[in-house]
Number of protein chains: 2
Amino acid sequence: MQPETPTLTHVARLANVSENTVSRVIRNKGSIAQETRKRVLDAIDTLGYVPNRAAGSLASSASLIIGVILPSLSNIVFPEVLRGIHAGLADTPYQPMIGVTDYDLGKEQQLVSSLLAWQPTALITTGFEHTDAARRMLENSRIRIAELMDIDDRPIDLAVGLSHRRAGRATAEHLVQRGYSRIGYVGHDWTADRRARARYDGLCEALSEAGLSLSVEKRHDGPSSTIAGRDTLAGLLADGAVADAVVFSNDDMAVGGFMHCLGAGIPVPERLALFGFNGLEIGQALPKPLSTVRSNRFNIGKTAVKALLAQAERPGEAQIIDTGFAIIDGATA
Amino acid sequence: MQPETPTLTHVARLANVSENTVSRVIRNKGSIAQETRKRVLDAIDTLGYVPNRAAGSLASSASLIIGVILPSLSNIVFPEVLRGIHAGLADTPYQPMIGVTDYDLGKEQQLVSSLLAWQPTALITTGFEHTDAARRMLENSRIRIAELMDIDDRPIDLAVGLSHRRAGRATAEHLVQRGYSRIGYVGHDWTADRRARARYDGLCEALSEAGLSLSVEKRHDGPSSTIAGRDTLAGLLADGAVADAVVFSNDDMAVGGFMHCLGAGIPVPERLALFGFNGLEIGQALPKPLSTVRSNRFNIGKTAVKALLAQAERPGEAQIIDTGFAIIDGATA
DNA sequence: CTGTTAGCGCTTTCAA
DNA sequence: TTGAAAGCGCTAACAG
């Protein structure tokens with residue numbers, strides 16, 4: 001026979017206090033006599049009592065849940081953001097409940113609705129693009145909302161991330177300053193990945209201001225990956241493209257490009273310079289550390305959580321936190 | 001003025017039925033007249049009603065939550081498992097609630113307790129090592145429990161994974177068959193990572209059966225990473241070690257080793273063969289695809305969820321699902 | 001500092 | 001096929 005799982009009532013009875021007092025002790029709320037608190041704590045201990053969160057949420061119409069919606073888990077970038085979120089949640093009673101959209105706004109909308117059904121304390125999602133319905137739900141819910149990764153638009157409540165357009169510009173400026181003039185681009189499908197697109201736009205914009213333009217470009221029709229980067233660069237060069245530097249849509253692609261150069265005996269950066277985005281560990285472990293942009297993913301997640309929990313109410317005006325970026329001056333460009 | 005969020009009562013009133021009927025429609029339970037169902041569905045639609053999960057969980061003492069406890073998110077392996085879990089949960093009403101232990105059994109125990117507080121339908125964790133208290137909680141809870149990654153021990157309810165000892169043995173057999181006889185090992189800290197240890201044990205065991213033993217070994221004192229692999233191999237060779245093949249604790253380490261060889265001009269596999277574990281994409285994108293073992297992480301997550309949801313009750317006898325492994329016969333060993 | 005009294009929004013009997 | 005009544009285990013508001 002399973003012993004009945006203990007409830008507040010059991011604890012209260014054993015400690016000889018009212019349920020309310022037990023509740024207060026658990027939540028550290030209101031003042032409690034030293035001795036009473038001890039008695040309650042002892043009772044909790046001997047019964048092995050664990051509060052029922054569902055009951056708590058229902059009664060207080062607020063749960064210790066943080067909803068997290070990510071576009072993907074395949075790209076190491078988002079697990080790193082999630083790691084940051086976890087770090088921010090450490091030593092708090094909050095638990096993240098996560099959903100993955102696969103870059104599908106319809107799925108996002110569905111997730112917003114089903115996560116909101118748990119009455120989470122806050123909801124974290126990505127980017128500024130949402131279906132109208134999703135946006136309405138997010139706006140109408142009174143909870144705090146963070147939109148991560150990007151800061152180039154107006155958030156619902158809080159945006160935490162970096163300017164991808166500026167990162168693209170910085171890339172162009174770096175290359176121009178280094179004297180590269182025939183700059184190519186190797187990318188992936190950006191119908192889903194708007195941020196890669198923004199970096200591309202920034203890149204072109206700054207090149208144009210320097211009197212240049214992309215000499216060649218090729219985009220892989222699918223998500224980014226090392227192998228896609230390798231093959232797409234190979235394809236670009238096979239087409240007889242002339243370039244002294246290639247910017248990749250991100251580090252995965254760039255590392256793939258590096259692999260192609262290794263295999264094909266192309267000296268990097270002497271004959272071809274390579275530039276990435278993200279600052280992944282793998283790029284820095286190459287025989288020549290990849291020149292790229294550090295995007296502080298972990299910090300984005302952690303900062304967002306901290307900011308969200310620091311203020312329970314949505315501030316009057318939407319807030320933007322720029323976690324910045326930095327050129328990693330590697331050896332490939 | 002915020003419009004009050006609609007509840008079952010509102011829907012019931014609008015549809016002119018009892019709350020109970022609405023509840024039945026939502027949960028697809030019991031038989032409902034065509035016409036009544038439609039009326040209810042319409043009401044739900046016009047009100048934009050979303051069921052309050054906390055209330056549902058409380059009333060039914062079961063939530064649509066699947067608790068997931070992972071040791072880490074830094075290693076791409078676990079996000080891939082998580083991806084599999086998500087895939088298995090697609091088209092179900094379940095949401096994963098995740099926790100990360102950082103390989104700390106104490107934290108795992110805490111997470112077990114706080115996830116159990118949500119009365120999840122099932123709980124997924126990793127490995128067979130738990131504190132006594134955690135094990136007791138898992139055993140006493142009547143919900144289904146999956147222990148992932150490993151199958152070399154007796155699970156509480158369900159184990160899904162592969163035999164790491166056998167994977168280690170297979171590695172040894174592969175190398176011996178290829179004629180390598182001076183085999184070294186480069187690893188990482190395995191006090192936390194028991195599975196790396198199991199592979200090592202299998203490797204040594206099979207080598208010994210072939211009349212061999214490890215000629216040299218070096219372990220990095222920290223978690224696995226590309227850079228650790230690179231530096232640890234460099235250190236091993238700097239010590240004047242003699243080896244014709246090196247087995248790494250996993251692909252991250254092996255890719256790092258490959259990078260060292262590239263930089264140091266060591267021909268792979270002619271002068272030094274390299275062997276990994278996991279079958280990560282990056283290994284297959286190297287100029288020479290890494291010889292390694294595919295560990296089917298995605299499938300482990302997905303299979304576990306499917307099995308867990310297929311049967312609500314814990315079966316009489318603990319069950320083991322072997323998702324297997326396969327030698328990837330790359331070009332580095 | 002502590003207790004009493006009402007629910008939170010849903011599901012679960014049990015009837016009809 | 002539907003409804004009425006009774007909680008699930010907790011927190012909130014108000015007393016005292």
Side-chain angles (χ1 to χ4, degrees), chain A residues 4-41 43-44 47-65 93 114 116-121 142 312, chain B residues 3-41 43-44 47-65 93 113-114 116-121 142 312:
Chain A
E4 195 179 1
T5 48
T7 70
L8 251 201
T9 317
H10 299 136
V11 177
R13 217 168 293 163
L14 181 56
N16 233 296
V17 294
S18 74
E19 304 188 8
N20 200 307
T21 302
V22 178
S23 176
R24 282 184 187 115
V25 170
I26 290 170
R27 287 174 298 137
N28 253 314
K29 212 163 182 193
S31 41
I32 304 281
Q34 262 318 314
E35 201 230 334
T36 314
R37 148 172 274 110
K38 185 177 168 355
R39 227 166 351 120
V40 170
L41 257 19
I44 287 176
L47 291 178
Y49 167 71
V50 175
N52 179 327
R53 294 296 186 196
S57 303
L58 180 58
S60 66
S61 35
S63 75
L64 297 175
I65 288 177
S114 60
L116 249 22
W118 287 101
Q119 316 220 86
T121 297
R142 258 157 297 194
Chain B
E4 193 179 2
T5 49
T7 70
L8 251 201
T9 316
H10 300 135
V11 177
R13 219 168 290 164
L14 181 57
N16 232 297
V17 293
S18 73
E19 304 188 7
N20 198 316
T21 303
V22 177
S23 175
R24 282 182 187 115
V25 169
I26 290 170
R27 287 174 300 138
N28 253 313
K29 212 163 181 194
S31 40
I32 303 281
Q34 262 319 312
E35 201 229 336
T36 314
R37 151 172 273 112
K38 182 175 167 4
R39 223 162 359 115
V40 170
L41 257 18
I44 288 177
L47 292 177
Y49 168 70
V50 176
N52 179 325
R53 295 297 185 194
S57 302
L58 179 58
S60 66
S61 33
S63 75
L64 296 174
I65 289 177
S113 156
S114 59
L116 248 22
W118 287 102
Q119 316 219 84
T121 298
R142 260 156 296 196

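Per chain, numbering begins at 1; letters A, B, ... match sequence-line order.
Judged by distance alone, the side chains of B/T9 and B/E19 do bring a donor and an acceptor atom under 3.5 Å apart.
For the pair B/T7 and C/dG9, the criterion of a side-chain N or O lying under 4.0 Å from OP1 or OP2 is not met.
Between B/T36 and B/Q119, it is B/T36 whose nearest contact on DNA chain D lies nearer the 5' terminus.
We find the OH-OG1 distance between B/Y49 and B/T7 to be 7.0 Å, quoted to the nearest 0.5 Å. In this structure, CG on A/L8 lies 10.5 Å from NE2 on A/H10, to the nearest 0.5 angstrom. Atoms CG and CZ, from B/L47 and B/R13 in turn, are 10.5 Å apart once rounded to the nearest 0.5 Å.
For DNA chain D, the neighbouring residues in residues 51-61 of chain B, judged by any heavy atom under 4.0 Å, are B/L58, B/A59. Residues from residues 25-34 of chain A placing a heavy atom under 4.0 Å of any atom in DNA chain C, listed by number, are A/S31, A/I32, A/A33.
The distance from atom CG of A/L8 to atom P of C/dT4 is 15 Å, rounded to the nearest whole Å. Regarding A/W118, its CH2 atom lies at a distance of 13 Å from the C1' atom of C/dG9, rounded to whole Å. Straight-line distance from the CD atom of A/E19 to the C1' atom of C/dT4: 11 Å, rounded to whole Å.
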I'd like a list of close polar pairs between nucleotides 13-16 of chain C and the protein, N/O only, cut-off under 3.5 Å.
from   : atom 1 : to    : atom 2 : distance (Å)
C/dT13 : O4     : B/N20 : ND2    : 3.1

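Looking at every heavy atom in both residues, B/V11 comes nearest to B/I44 through CG1-CG1, 3.7 Å. Closest of all the heavy-atom pairs between B/L64 and B/T121 is CA-OG1, 4.3 Å.
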Under 3.5 Å, side-chain donor or acceptor atoms of residues 23-35 of chain B against the rest of the protein: list the pairs with distances, not counting sequence neighbours.
from  : atom 1 : to    : atom 2 : distance (Å)
B/S23 : OG     : B/R27 : NE     : 3.1
B/S23 : OG     : B/R27 : NH2    : 2.8
B/R24 : NE     : B/N20 : OD1    : 3.4
B/R24 : NH1    : B/N20 : OD1    : 3.1
B/R24 : NH2    : B/N20 : OD1    : 3.4
B/R27 : NE     : B/S23 : O      : 3.3
B/N28 : OD1    : B/R37 : NH2    : 3.2

For residues 50-57 of chain A, dump all side-chain donor-acceptor pairs below 3.5 Å to protein atoms at least two apart in sequence or in another chain.
from  : atom 1 : to    : atom 2 : distance (Å)
A/N52 : OD1    : A/A54 : N      : 2.8
A/N52 : OD1    : A/A55 : N      : 3.1
A/S57 : OG     : A/R53 : O      : 2.8

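Put simply, the side chain of A/R39 reaches to within 4.5 Å of the side chain of A/T36, judged on heavy atoms.
Think of the region where chain B sits on DNA chain D: with heavy atoms and a 4.0 Å cut, that region ends 5' and 3' at D/dT1 to D/dG9.
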